[in-house]
Amino acid sequence: MAERIDWHPYFMNIAKEVSSRSTCPRKHVGAVIVRDRRILSTGYNGSLKGLAHCDDVGCLMEDGHCIATVHAEANAILQAAMNGVRIEGGEIYTTASPCWGCFKLIANAGIQAIYFGEFYREKRILDYAERIGIELVGL
């Protein structure tokens, strides 16, 4: 009998699969919001609703970042809100650690833990996660 996969790799694998829907060629990011081992919402980085995707028209660059996309974590939070799903007290799994803007959204949404694949740029989240009691774990 095969051994069952542990919860953290299970949800991170799902976040990686979600990232395959990303439409920005610069970075594919996926996010999964979970509470009590149940998936509440998912998101990936992509263009504003109704606009052309970076894959099709290119990236809109500013200060070395594509600003045309809505980030995966923000899209997961928005999807939950649009569907009336309470995410407070949940956890988020994301393939890359959140930017400062997404970190603030995660914190104010009441998410208690952030599990991430690769660390991506924003060192300030390390200090702030500790200060406000959000568990921040690299997988």
- Step by step, work out the side chain to side chain contact (heavy atoms under 4.5 Å, CB included) result for Tyr128 and Ile134. CA-CA 8 Å; Tyr128 276 83; Ile134 293 177; over 6 Å; no
* Look at the side chain of Ser22 and the backbone N and O of Asn45, then say whether any donor-acceptor pair between them is shorter than 3.5 Å. =>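 Pair found, side chain donor or acceptor close to backbone of Asn45.
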TODO: Indicate yes or no for a side-chain donor-acceptor contact from Ser41 to the backbone of Ile77 under 3.5 Å, with no hydrogens or angles considered.
DONE: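 A pair under 3.5 Å: no.
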Hphob cluster co-occupancy, [X] + [Y], side-chain heavy atoms under 4.5 angstrom:
X: Val34; Y: Met12; answer: yes
X: Leu105; Y: Ile114; answer: yes
X: Phe116; Y: Ile125; answer: yes
X: Val32; Y: Leu40; answer: no

Check whether any side-chain heavy atom of [X] sits under 4.5 Å from a side-chain heavy atom of [Y], and report yes or no.
X: Cys54; Y: Arg26; value: no
X: Ile14; Y: Tyr93; value: no
X: Asn13; Y: Ile5; value: yes
X: Asn108; Y: Lys104; value: no

Taking every non-hydrogen atom, the tightest pair across [X] and [Y]:
X: Thr95; Y: His28; result: OG1-O, 3.9 Å
X: Ile132; Y: Ala107; result: CD1-CB, 3.7 Å
X: Ile111; Y: Ile92; result: CG2-N, 3.8 Å
X: Tyr44; Y: Asn75; result: O-ND2, 2.8 Å
X: Ala109; Y: Ile87; result: CB-CD1, 3.8 Å
X: Lys16; Y: Ser19; result: O-OG, 2.5 Å

Is it the case that atom [atom1] in [X] sees more than 12 heavy atoms from other parts of the structure closer than 6.0 Å?
X: Glu130; atom1: CD; answer: no
X: Arg21; atom1: CZ; answer: no
X: Asp36; atom1: CG; answer: no

With Lys27, which of His65, His71, Glu118 fulfils side chain to side chain donor-acceptor pair (under 3.5 Å)?
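When His65, His71, Glu118 are each tested with Lys27, the side chain to side chain donor-acceptor pair (under 3.5 Å) holds only for Glu118.
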Once rounded to the nearest 0.5 Å, what's the spacing between atom [atom1] of [X] and atom [atom2] of [Y]?
X: Asp63; Y: Met61; atom1: CG; atom2: CE; result: 9.0 Å
X: Leu60; Y: Ile67; atom1: CG; atom2: CD1; result: 4.0 Å
X: Ile106; Y: Cys99; atom1: CD1; atom2: SG; result: 8.0 Å
X: His8; Y: Leu139; atom1: NE2; atom2: CG; result: 6.5 Å

Notebook entry, point to check: Looking at Asp6, Ile33, Ile39, which one forms a side chain to side chain contact (heavy atoms under 4.5 Å, CB included) with Phe11?
Noted result: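 The side chain to side chain contact (heavy atoms under 4.5 Å, CB included) with Phe11 is passed solely by Ile39 among Asp6, Ile33, Ile39.
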Set of side-chain contact (heavy atoms from CB on, under 4.5 Å) partners for Glu135, sequence neighbours left out: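 Partners of Glu135 under the side-chain contact (heavy atoms from CB on, under 4.5 Å) test: Ala113, Tyr115, Val137.
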Problem - Aromatic ring pairing Trp7/Tyr10, orientation class (parallel under 30°, perpendicular over 60°, tilted between) - result: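 Because their plane-to-plane angle is over 60°, the rings of Trp7 and Tyr10 count as perpendicular.
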Run the ring-ring contact (aromatic ring centres under 6.0 Å, His included) test against Tyr120 and tell me which residues pass, sequence neighbours left out.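 For Tyr120 there are no ring-ring contact (aromatic ring centres under 6.0 Å, His included) partners, ignoring immediate neighbours.
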